[in-house]
Amino acid sequence: MLDSKYLRDNLDAAEARLATRGQGAYLAAFRDLDSRRRELLGEAEGLKAEKNRVSAVIGQTKDKSQVAGEIVRMKEVSGRIKTLDDTLKEVEAELDLLLLTVPNLPHEEAPVGADESANREVKRWGTPAEFAFAAKPHWELGEALGILDFERAGKLAGARFALSFGAGARLERALIGFMLDLHSERHGYTEVLPPFMVNRATMTGTGQLPKFESDLFHLDDPDYFLIPTAEVPVTNIYRDEIIAAAQLPIRFTAYTPCFRKEAGSYGKDTRGLIRQHQFNKVELVKFVRPEESDLELASLLADAETVLQQLELPYRVVDLCTGDIGFSAARTFDIEVWLPGQATYREISSCSNFRDFQARRASIRFRREEGAKPEFVHTLNGSGLAVGRTLVAILENYQQADGSVLVPTVLRPYMGGLERITPRK
RNA sequence: GGAGAGGUGGCCGAGUCGGUCGAAGGCGCUCGCCUGCUAAGCGAGUGAACGGGGUCAACCCGUUCCGAGGGUUCGAAUCCCUCCCUCUCCGCCA
């Protein structure tokens with residue numbers, strides 16, 4: 001959510017900045033709604049002040065017959081206040097909805113461009129392996145090894161679900177443990193295990209609602225949503241709180257399953273684990289002082305990259321352009337892992353600085369010092385990493401000519417010492 | 001699911017038959033005084049949002065906030081309704 005006070009004075013600049021996302025006129029109705037709100041508020045508050053003053057006098061008057069006229073007059077004033085308040089409520093609801101549906105201002109250093117073709121590759125790490133045979137996609141490897149079963153998953157739930165067995169299931173668990181240990185033991189994050197279902201206020205705090213409800217799995221009774229990422233519950237941990245400055249920066253890492261409808265992606269990535277309704281992810285979330293958020297994004301990105309480096313998986317880093325950055329983010333770096341089976345880089349992590357956009361929605365503030373005015377923190381998050389896609393990358397990058405798959409060295413302790421995945425009997 | 005209790009300021013905790021309550025008191029915290037140090041003691045202060053004014057700031061004024069939303073009333077933390085949450089007991093259950 002953008003700052004109304006800022007918008008009041010910088011509407012054109014804000015609109016121009018938003019236009020770099022690819023569509024403009026987000027704020028067309030702002031000026032009018034905002035001035036109407038202040039007008040109504042001024043009148044209503046003036047009448048309330050009078051009502052309070054007169055009511056106090058009435059209260060002190062023993063003989064109410066002396067103030068009968070005032071009582072009648074205040075009855076009218078109250079009626080007028082009620083009318084004004086009702087109108088005000090409507091205007092504020094419109095204004096809130098407007099502000100809740102305007103995306104974040106892109107960071108001034110983000111590349112400007114309309115779509116992903118304008119994204120800037122900023123780094124490559126590792127060298128894609130040369131195979132002496134035709135590299136297979138992970139779904140073929142996984143099914144041949146008996147560790148992935150998409151057909152039966154379809155029977156159980158439907159398309160875009162997976163079922164894994166044996167070393168496949170264990171590899172998924174190993175990756176979760178490995179990532180959580182790495183981030184909590186070496187990168188200074190506190191592990192947290194949040195609820196996997198949340199309420200509307202929580203979904204609104206991080207920006208999923210009100211605009212993207214159709215992407216979410218929803219439970220009717222009670223009115224809950226399945227989380228699409230741990231970012232949602234973890235960022236909302238401090239909703240409506242004022243954090244002591246000494247606690248900042250706060251860094252959390254969390255494993256959760258993620259649930260996404262993937263509406264509008266029909267026909268894309270229909271095979272394999274790449275695009276699922278349910279997938280596992282280890283997330284990194286930070287709450288920091290505003291002046292630190294750019295540096296904290298760099299270190300968060302580095303923390304996510306470390307996972308791939310330890311797993312010895314080649315990847316590249318892409319600085320997303322203004323047209324490709326998500327709704328709530330100001331700046332985003334994607335990490336894309338090399339997938340030999342598809343001979344392409346695929347997103348495996350997305351690391352973003354949201355600045356005060358989520359903090360303002362969720363009212364997450366901090367106080368620099370005793371007595372100082374509360375300020376909004378900056379929030380950041382990134383995948384560290386998407387576990388299902390990491391498993392995909394391991395299967396495809398570590399595949400052998402005989403169809404077996406080597407287990408990355410750092411994962412072997414998490415796999416009971418297993419060095420190679422061979423067909424399940 | 002059944003029965004009961006309760007939700008007040010950073011925390012604990014008062015709020016009488018509705019009236020001058022942003023809210024007694026205590027703790028905590030901040031500043032000052034005092035004290036070899038510490039502790040104790042003394043004094044003062046101590047929430048947020050929105051709007052207006054301003055030497056545009058550390059200032060002033062107004063409004064709102066006593067779980068949330070509605071209602072009654074000139075006036076509600078105090079009365080009524082709905083919802084949410086917490087706790088206790090029973091049942092059930094990982």
Side-chain angles (χ1 to χ4, degrees), chain A residues 1-10 30-100 193-205 209 218-225 233 236-248 250 257 356 358-377:
Chain A
M1 188 160 66
L2 304 180
D3 181 5
S4 314
K5 284 180 192 144
Y6 170 81
L7 292 178
R8 218 169 269 160
D9 299 328
N10 304 279
F30 176 80
R31 188 103 63 194
D32 180 52
L33 286 171
D34 182 59
S35 64
R36 275 179 67 203
R37 185 185 94 88
R38 282 187 291 166
E39 224 169 87
L40 289 164
L41 196 61
E43 191 180 348
E45 288 188 349
L47 290 175
K48 283 176 186 173
E50 188 189 1
K51 181 195 75 177
N52 290 342
R53 192 163 7 91
V54 175
S55 288
V57 172
I58 293 172
Q60 284 168 313
T61 307
K62 297 263 171 25
D63 180 3
K64 300 299 185 211
S65 67
Q66 290 179 0
V67 290
E70 295 293 67
I71 289 177
V72 171
R73 196 163 67 81
M74 283 308 105
K75 204 179 180 71
E76 285 164 13
V77 169
S78 282
R80 175 69 184 147
I81 289 171
K82 176 115 177 62
T83 308
L84 286 169
D85 275 348
D86 287 346
T87 312
L88 184 62
K89 214 172 282 180
E90 286 170 28
V91 171
E92 287 189 329
E94 270 187 73
L95 196 55
D96 287 347
L97 185 63
L98 173 73
L99 290 172
L100 286 173
L193 183 63
F196 300 162
M197 301 178 221
V198 299
N199 57 32
R200 277 176 191 276
T202 297
M203 279 295 179
T204 305
L209 292 182
H218 178 247
L219 281 68
D220 276 319
D221 185 20
D223 185 23
Y224 287 150
F225 293 89
N236 278 279
I237 287 173
Y238 290 111
R239 191 175 76 235
D240 297 322
E241 292 193 30
I242 299 174
I243 303 168
Q247 286 187 53
L248 299 177
I250 295 170
D356 63 4
Q358 293 180 325
R360 180 170 286 108
R361 289 179 159 243
S363 190
I364 305 168
R365 294 174 292 174
F366 77 106
R367 229 189 278 275
R368 285 187 191 274
E369 54 197 62
E370 196 81 28
K373 272 212 191 81
E375 296 174 50
F376 291 110
V377 298

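Residue numbers begin at 1 in each chain, while the letters A, B, ... track the order of the sequences. No experiment lies behind these values; they were computed from the predicted model shown.
Electrostatic pairing of A/D9 and A/K5 does not count as a salt bridge here, judged by no charged N lying under 4.0 Å from a carboxylate O. A salt bridge between A/D85 and A/K48 is present, with a side-chain N of the basic residue lying under 4.0 Å from a carboxylate O of the acidic one.
At a threshold of 4.0 angstrom between heavy atoms, the contacts of A/R367 are confined to the sugar-phosphate backbone, with no base atom among them. Within 4.0 Å (heavy atoms only), A/A56 reaches no atom of the nucleic acid at all. Using a 4.0 Å heavy-atom cutoff across all strands shown, A/E70 reaches no nucleic acid atom at all.
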Q.
Treating primed atoms plus P, OP1 and OP2 as sugar-phosphate and everything else as base, which nucleotides of nucleotides 78-86 of chain B get B, S or - for protein heavy atoms under 4.0 Å?
A. ---------
Below 3.5 Å between N/O atoms, which protein atoms pair up with nucleotides 51-55 of chain B? Just atom names and distances, please.
residue	atom	partner	partner atom	Å
B/rG51	OP1	A/R8	NH1	3.4
B/rG51	OP1	A/R8	NH2	2.7
B/rG51	OP1	A/R37	NH2	3.1
B/rG52	OP1	A/R38	NH1	3.2

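Whole-Å rounding puts the A/E375 CD to B/rA48 P distance at 13 Å.
The phosphate of B/rG75 (OP1 or OP2) has a side-chain N or O of A/S78 nearer than 4.0 angstrom. Between A/N52 and B/rU64 there is a side-chain polar atom (N or O) within less than 4.0 angstrom of OP1 or OP2.
Residues A/K64 and A/E92 both approach RNA chain B. Their nearest nucleotides, taken by heavy-atom distance, put A/K64 toward the 5′ side. Each of A/K89 and A/R365 has a nearest nucleotide on RNA chain B; the 5'-most of these lies closest to A/R365.
Nucleotides B/rA77 and B/rG18 place their P atoms 13 Å apart, quoted to the nearest Å. Rounded to a whole angstrom, the distance from the C1' atom of B/rC65 to that of B/rA76 is 14 Å.
For RNA chain B, each stem of at least three Watson-Crick or G-U pairs (distances under 3.5 Å) is given as range with range: B:1-7 with B:84-90, B:10-12 with B:25-27, B:28-33 with B:41-46, B:47-53 with B:59-65, B:67-71 with B:79-83.
Closest contact between the side chain of A/K51 and the listed nucleotides B/rG75, B/rA58, B/rA48 involves B/rG75.
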